[in-house]
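Structure first, then comments.
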Amino acid sequence: SMRERFPAVILAALALILAAGQALAGPAVDPKAEAVLRAMVTNLQGVNAFSVTEASLVDRVFPNGQKVAFFHKTTVKAERPDKLRAEAAGDDVSGLWLVNGPNLTLYDARTKAYVALDVPPRLEQALGQALAKLRLVGPMVDFLADDPYKSIMDGVLEAVYVGPSEVGGKPCHHLAFRQLTRDFELWIDAGKTPWPLRLAVTDKTLHGDPRTLVEYADWKPVSGFSAKTFAWTPPKDATR
């Protein structure tokens, strides 16, 4: 009956009002989580160029509601403010992302097709625009921002320090963050250099709450890369 449903509607509305109030009041951030995150951000901002390897597991929800995992490996080379090369291979991916100044190229080796876009002149904005246009998700974008702290904390309602953990035999700090549409977790190296070692993102807007899990290995800061690192000529049989 309407009367029975009525309190549930009011409770849902109250929950939304409380969530909105919490967002306005600023996020609830555990001081320990804040300190670890700030240390990671300071480290990232102090590195002009780096390479890293990503191993990722991406959940896809099939039309029948079944969740299926796809695995990928990506090698990344990035140089601030506007250069990135990411080569991915795996179950359903084989291709290249390339940002070089105002040019972004995305090549799919399976279909031999590529997209070339004009993008804004900084990595965060370039990737943000490309991901929006191509409806893709890029777990690396926050780390490449001019202000990674601001980018990571955008829309965060709550951040907590979960506890000590381990990734690939390395002791680390495990942090968890809550947003309205997604939750994410970061595992940050507890050694002398606080690199991000693992990232997990849960999408709460899709049936089955699919997750993306990324493990980062072999972070290597460098002074820079040669120009040819970010150059690419389409294969003769490629179509734009």
Side-chain angles (χ1 to χ4, degrees), residues 40-41 43-45 47-60 69-146 148 151-152 167-168 184 186-187 195-201 203 211-235 238 240:
M40 183 196 84
V41 164
N43 175 48
L44 286 171
Q45 285 180 306
V47 175
N48 180 56
F50 63 83
S51 63
V52 66
T53 306
E54 300 178 2
S56 52
L57 178 160
V58 179
D59 280 339
R60 297 263 162 81
F70 290 82
F71 293 82
H72 317 115
K73 192 158 189 186
T74 309
T75 56
V76 176
K77 290 175 180 172
E79 190 174 322
R80 295 175 193 280
D82 61 1
K83 290 179 172 56
L84 174 80
R85 183 186 186 98
E87 290 182 74
D91 292 338
D92 59 340
V93 169
S94 177
L96 172 73
W97 277 81
L98 204 60
V99 180
N100 193 351
N103 308 307
L104 180 138
T105 308
L106 178 57
Y107 174 63
D108 181 352
R110 295 165 311 155
T111 58
K112 296 188 174 165
Y114 69 97
V115 180
L117 300 174
D118 290 330
V119 288
R122 299 191 85 76
L123 280 172
E124 179 186 14
Q125 290 88 340
L127 291 169
Q129 189 182 91
L131 292 167
K133 272 189 182 168
L134 303 166
R135 294 194 295 282
L136 298 168
V137 175
M140 195 85 195
V141 178
D142 293 324
F143 300 152
L144 296 165
D146 290 339
S151 187
I152 290 165
V167 176
F184 64 97
L186 271 172
W187 286 256
W195 294 110
L197 297 180
R198 186 190 282 147
L199 168 70
V201 183
D203 188 337
R211 295 183 95 201
T212 297
L213 185 69
V214 186
E215 291 208 343
Y216 303 96
D218 303 323
W219 283 99
K220 286 194 178 72
V222 293
S223 54
F225 294 99
S226 67
K228 69 173 186 289
T229 304
F230 307 105
W232 182 73
T233 307
R240 179 166 171 169

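Note: hydrogens, waters and symmetry copies are ignored here, and every other heavy atom, side chains too, is used. All residue numbers in this chain count up from 1 along the given sequence.
Between the CG atom of Leu98 and the CG atom of Leu104 there is a distance of 7.5 Å, given to the nearest 0.5 Å. Between Trp195 atom CH2 and Phe143 atom CZ the span is 10.5 Å, to the nearest 0.5 Å. Note that CG of Asp218 and OG1 of Thr53 are 5.0 Å apart. Values are rounded to the nearest 0.5 Å. For the atom pair Arg110 CZ and Asp92 CG, the distance stands at 6.0 Å (nearest 0.5 Å). Between the OG1 atom of Thr212 and the CZ atom of Arg60 there is a distance of 8.5 Å, given to the nearest 0.5 Å.
Under 4.0 Å is where a charged nitrogen must lie from a carboxylate oxygen, and between Lys77 and Glu79 no such pair does.
Residues Asp118 and Asn103 form a side-chain contact, since some pair of their non-hydrogen atoms from C-beta on lies under 4.5 Å apart. Residues Phe50 and Leu144 have side chains in contact (heavy-atom distance under 4.5 Å, counting atoms from C-beta outward). Using a 4.5 Å cut-off on side-chain heavy atoms (C-beta onward), Val76 and Leu84 make contact. Counting only heavy atoms from C-beta outward, the side chains of Pro235 and Lys112 never approach each other to under 4.5 Å. Proximity of Ile152 to Phe184: side-chain heavy atoms (C-beta onward) are separated by under 4.5 Å at one or more points.
Considering every non-hydrogen atom in both Val47 and Pro221, the closest pair reads CG1-CB, 3.9 Å. Contact between Ser151 and Asp142 at its shortest, heavy atoms only, is OG-OD1, 2.5 Å. In terms of heavy atoms, Glu54 sits closest to Val214 at CB-CG1, 3.8 Å. Smallest separation of non-hydrogen atoms from Val52 and Ala217: CG2-O, 3.4 Å.
Side-chain N or O atoms of Asp108 include none that pairs as donor or acceptor with a backbone N or O of Gly95 at under 3.5 Å. Proximity of a side-chain donor or acceptor of Arg198 to a complementary backbone N or O of Trp187 within less than 3.5 Å is not detected. One N or O on the side chain of Trp219 and one on the backbone of Pro196 form a donor-acceptor pair closer than 3.5 Å. For the pair Arg122 (side chain) and Ala145 (backbone), a donor-acceptor distance under 3.5 Å is absent. When atom types are taken as modelled, the side chain of Arg85 and the backbone of Thr75 share no donor-acceptor pair closer than 3.5 angstrom.
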Original post:
Does the pair Lys83 and Asn100 meet the rule for a side-chain contact (heavy atoms from CB on, under 4.5 Å), with working shown?
Top reply: CA-CA 5 Å; Lys83 290 179 172 56; Asn100 193 351; 3.4 Å; yes
**OP:** Using the side-chain contact (heavy atoms from CB on, under 4.5 Å) rule, take Glu87 and Trp97 through it: C-alpha gap first, then chi angles, then the decisive distance, then the call.
**Re:** CA-CA 6 Å; Glu87 290 182 74; Trp97 277 81; over 6 Å; no
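None of Val167, Leu199, Leu197 except one satisfies the side-chain contact (heavy atoms from CB on, under 4.5 Å) rule with Glu215; the exception is Val167.
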